[in-house]
Undergrad: 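Here's a structure for you.
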Amino acid sequence: MRLRRDPLPATALDATDRKILNALQAGFPISSRPFAEAGAALGIEEEDLIARILNMREIGAITRFGPFYDAAAMGGAFCLCAMEVPAARFDEVMTLVNAHPEVAHNYERNHRLNMWFVLAAVAPEGIEQVAREIEGETELCVLRFPKLEEFFVNFRVEL
Amino acid sequence: MSIDAIDRRLIGATQAGLPLTPAPYAAIAQHIGLSEDEVISRMQALQHQGVIRRVALAPNHYALGMTANGMSVWDVEDSHAHDLGAAVGALDFVSHCYLRPRAEGWPYNLFAMVHGSTGDEVETKRAQIAALLGAHCRASDILYSTRILKKTGMRIKEG
């Protein structure tokens, strides 16, 4: 899926699209005809709901549509990692880091620690292994910030 | 909490997203050789167990005008970290809230992702967190993302 960081024009989404975004952030049915079911609650036909989600995905208004898995609950593991990458090596290191399929997200940030990424692996040992591989390949230190406690959040983008 | 090999196949087939067709779970079922009923009942069970946090649509914050986000980080007294983390997570503009280990040159243990339409809005929200933490917070910083280097979502191997 294409990533866009620039805001869409105000006209890109209409009121119905906004209604869909607001409602389906919270959840989507697991049932035989889920678009029909979700659409009925919103007063939108099944076919129209599918077309609108397709369009919103196409124009980059949504990043994902589907199940969000808890890696830890699957016996997997996540770990936030950070690196201090010299500016002159940034692109080279980014390429090395991103080449690992375990790197799920990677952001450049305005700090001495300027590269922040999440590692996702089937098991905790996988995290450690990839972090060490990255350290070996880049000859830079990978700081590990595993979560010790996660707090409940109820964040929503209201449109 | 237990997941079996069939669940893993199901996770592998859905982690990139749901097909945008009227009966998406039937399409997944066909893809991995299960019945639609089994896919639905297994996914419902996974959601009940917390392996699936939710099935939902994830808006692209950037495309929708929430262009500013900051990873606020706080050095909070350990004895109050649990209660204060819960309070920060409950703020409606915080999308992720974790306790993480401190590191060499990194005194911060509480991480809270703050979203807003503008940098000023994020700074205002950061000040709200600072006020909430009060004297229990010894130092803080905020890191702004300047570039997305990779964003693929979690991938696990199909097993």
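Order of the sequence lines sets the chain letters (A, B, ...), proteins ahead of strands, with each chain counted from 1. Basis for what follows: all heavy atoms, side chains included, without hydrogens, waters or symmetry-related copies. Bear in mind the structure is a predicted one, so any value in this text is a computation, not a measurement.
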Undergrad: Which region of A:Asn110, side chain (C-beta onward) or backbone (N, CA, C, O), has a non-hydrogen atom less than 4.5 Å from a non-hydrogen atom of chain B, or is it both or neither?
TA: both
Undergrad: Would you check if A:His105 and B:Lys150 make a side-chain contact, meaning some heavy-atom pair closer than 4.5 Å?
TA: no
Undergrad: Which answer fits B:His82, side chain, backbone, both or neither, if we ask what part of it has an atom under 4.5 Å from a heavy atom of chain A?
TA: both
Undergrad: Out of B:Ala23, B:Pro22, B:Ala103, which one racks up the most heavy-atom pairs below 4.5 Å with chain A?
TA: B:Pro22
Undergrad: Side chain from CB out, backbone as N, CA, C, O: work out which of these in B:Glu36 comes under 4.5 Å of a heavy atom of chain A, or both, or neither.
TA: side chain
Undergrad: Side chain, backbone, both or neither: which part of B:Ala26 has an atom under 4.5 Å from a heavy atom of chain A?
TA: neither
Undergrad: Taking side chain as everything from C-beta outward and backbone as N, CA, C, O, which of these in A:Ala61 sits under 4.5 Å from a heavy atom of chain B? Side chain, backbone, both or neither.
TA: both
Undergrad: Please determine whether a side-chain nitrogen of the Lys or Arg among A:Arg144 and A:Glu128 lies less than 4.0 Å from a carboxylate oxygen of the Asp or Glu.
TA: yes
Undergrad: Answer yes if the ring centres of A:Tyr107 and B:Tyr62 are under 6.0 angstrom apart, and no otherwise.
TA: no
Undergrad: Any idea which of B:Leu57, B:Thr67, B:Leu18 has the most non-hydrogen atom pairs under 4.5 angstrom with chain A?
TA: B:Leu57
Undergrad: Specify which of A:Glu108, A:Met56, A:Lys147 makes the most heavy-atom pairs with chain B at under 4.5 Å.
TA: A:Glu108
Undergrad: Sort A:Ala26 into side chain, backbone, both or neither according to what part of it lies under 4.5 angstrom from a heavy atom of chain B.
TA: backbone
Undergrad: For B:Asn109, which atoms come within 4.5 Å of any heavy atom of chain A: side chain, backbone, both, or neither?
TA: neither
Undergrad: Let me know if B:Ala81 has heavy atoms under 4.5 Å from chain A in its side chain, its backbone, both or neither.
TA: backbone
Undergrad: Heavy-atom cut-off 4.5 Å, strictly under: side chain, backbone, both or neither for B:Met113 against chain A?
TA: side chain
Undergrad: For chain A, which of B:Gly65, B:Cys97, B:Gly17 has the most heavy-atom pairs under 4.5 Å?
TA: B:Cys97
Undergrad: Can you find a pair of side-chain heavy atoms, one from A:Phe90 and one from A:Asn114, that are under 4.5 Å apart?
TA: yes
Undergrad: Please round to the nearest 0.5 Å and tell me the distance separating atom CE of A:Met83 and atom CG of A:Asn106.
TA: 9.5 Å
Undergrad: Report yes or no: is the cationic atom of B:Arg100 (NZ for Lys, CZ for Arg) under 6.0 Å from the centre of the six-membered ring of A:Phe145, at an angle within 45° of the ring normal?
TA: no
Undergrad: Among A:Ala38, A:Ser31, A:Ala23, who wins on heavy-atom pairs under 4.5 Å with chain B?
TA: A:Ser31
Undergrad: Considering only heavy atoms, which portion of A:Leu113 lies under 4.5 Å from any heavy atom of chain B: side chain, backbone, both, or neither?
TA: both
Undergrad: Taking side chain as everything from C-beta outward and backbone as N, CA, C, O, which of these in B:Met66 sits under 4.5 Å from a heavy atom of chain A? Side chain, backbone, both or neither.
TA: side chain
Undergrad: Name the member of A:Pro34, A:Cys141, A:Pro67, A:Ala51 that forms the most heavy-atom pairs with chain B at distances under 4.5 Å.
TA: A:Pro67
Undergrad: Any heavy-atom pair between the side chains of B:His48 and B:Met43 that's under 4.5 Å?
TA: no
Undergrad: In terms of heavy-atom pairs under 4.5 Å with chain A, which of B:Ile52, B:Ile142, B:Asp141 leads?
TA: B:Ile52
Undergrad: Select, from B:Phe93, B:Tyr144, B:Phe111, the one with the greatest count of heavy-atom pairs under 4.5 Å involving chain A.
TA: B:Tyr144
Undergrad: Do A:Asp48 and A:Arg52 meet the salt-bridge criterion of a basic N to acidic O distance under 4.0 Å?
TA: yes
Undergrad: Mind ranking A:Ala36, A:Ala12, A:Pro29 by heavy-atom pairs under 4.5 Å with chain B and telling me who comes out on top?
TA: A:Pro29
Undergrad: With ring centroids as reference points, do A:His111 and B:Trp106 lie under 6.0 angstrom apart?
TA: yes
Undergrad: Between B:Arg42 and B:Asp4, does any side-chain N to carboxylate O distance fall below 4.0 Å?
TA: yes
Undergrad: Quick one: do B:Arg126 and B:Glu123 make a salt bridge, cutoff under 4.0 Å?
TA: yes
Undergrad: Need one label for A:Glu46: side chain, backbone, both or neither, based on atoms under 4.5 Å from any heavy atom in chain B.
TA: side chain
Undergrad: Given that the side chain runs from C-beta out, which part of B:Tyr25 has a heavy atom under 4.5 Å from chain A: side chain, backbone, both or neither?
TA: side chain
Undergrad: Measuring heavy-atom distances to chain B, does A:Leu49 have an atom under 4.5 Å in its side chain, in its backbone, in both, or in neither?
TA: neither
Undergrad: Pick one of side chain, backbone, both or neither for B:Ser41, based on which atoms fall under 4.5 Å of a heavy atom in chain A.
TA: neither
Undergrad: Charged N to carboxylate O below 4.0 Å: is that the case for A:Glu150 and B:Arg53?
TA: yes
Undergrad: Going by heavy atoms in the side chains, are B:Asp78 and B:Arg102 under 4.5 Å from each other?
TA: yes
Undergrad: Under the 3.5 angstrom rule, does the side chain of A:Arg64 hit a backbone N or O of A:Ile62 as a donor-acceptor pair?
TA: no
